Amino acid sequence: MKQLKAGSRAKKIALIEKENPDWQEQKVLALGKLCDEENLDKAQFKALIDTYIYNGQEPIKDDVFKCLDNRPSILKAREIGERILSKMKEFVQVFIEGMTG
């Protein structure tokens, strides 16, 4: 996959859509799958991802837990929080940085 360095985001997205017209659909499906697997509220989690992309700071686990249908027990919180943050970073890397980097 080529990395695009110059040009506006709109131009990069147009090029991506030309080469892979299904990428937006793939992005939506991947986000939905991640949210289903982890029992996350899709709108809240998307907002968390957008904030992460905008400011470049990893969200704190409490922000991740706000997206969950049920807050995990203290014993499971660290494991679940780290797993979701890892999946979020992977999603951003594939569908945001990888597509428009």
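These figures come from a predicted structure and were not determined experimentally.
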Checklist entry - What residue pairs, at least two apart or across chains, pass ring-ring contact (aromatic ring centres under 6.0 Å, His included) with a residue in residues 68-90? => result none

Item to check | Pairs satisfying ring-ring contact (aromatic ring centres under 6.0 Å, His included), at least one member in residues 45-92, at least two apart | outcome: Phe91-Phe95

Around atom [atom1] of [X], are there more than 12 heavy atoms from other residues, nucleotides or ligands closer than 6.0 Å?
X     : atom1 : answer
Lys33 : NZ    : no
Asn55 : CG    : yes
Glu90 : CD    : no
Ile74 : CD1   : no

What's the shortest heavy-atom distance between [X] and [Y], and which atoms?
X     : Y     : result
Cys67 : Gln44 : CA-OE1, 3.5 Å
Arg78 : Lys61 : O-CE, 4.0 Å
Ala77 : Pro72 : CA-CG, 3.8 Å
Leu68 : Glu38 : CD2-O, 3.2 Å

Between atom [atom1] of [X] and atom [atom2] of [Y], what is the distance when rounded to the nearest 0.5 Å?
X     : Y     : atom1 : atom2 : value
Lys27 : Lys46 : NZ    : NZ    : 5.5 Å
Ser73 : Ile80 : OG    : CD1   : 6.5 Å
Leu48 : Leu85 : CG    : CG    : 7.5 Å

Checklist entry - Taking it one step at a time, do Val92 and Ile53 satisfy side chain to side chain contact (heavy atoms under 4.5 Å, CB included)? => result CA-CA 8 Å; Val92 169; Ile53 293 166; 4.1 Å; yes

Next on the checklist: Walk me through whether Lys42 and Val28 qualify under side chain to side chain contact (heavy atoms under 4.5 Å, CB included).
Outcome noted: CA-CA 10 Å; Lys42 189 174 178 180; Val28 169; 3.9 Å; yes

Checklist entry - How far apart are the C-alpha atoms of Asp62 and Lys66, what are their side-chain angles, what is the distance that settles it, and do they pass the salt bridge (charged side-chain N to carboxylate O under 4.0 Å, His left out) test? => result CA-CA 6 Å; Asp62 279 345; Lys66 290 176 187 175; over 6 Å; no

Item to check | Ala47 backbone acceptor or donor facing Thr51 side chain under 3.5 Å | outcome: yes

Checklist entry - Is the shortest heavy-atom distance from the side chain of Ile49 to the side chain of Leu31 under 4.5 Å? => result yes

Checklist entry - If two hydrophobic side chains count as joined below 4.5 Å and joins carry through other members, does Val94 share a cluster with Met88? => result yes

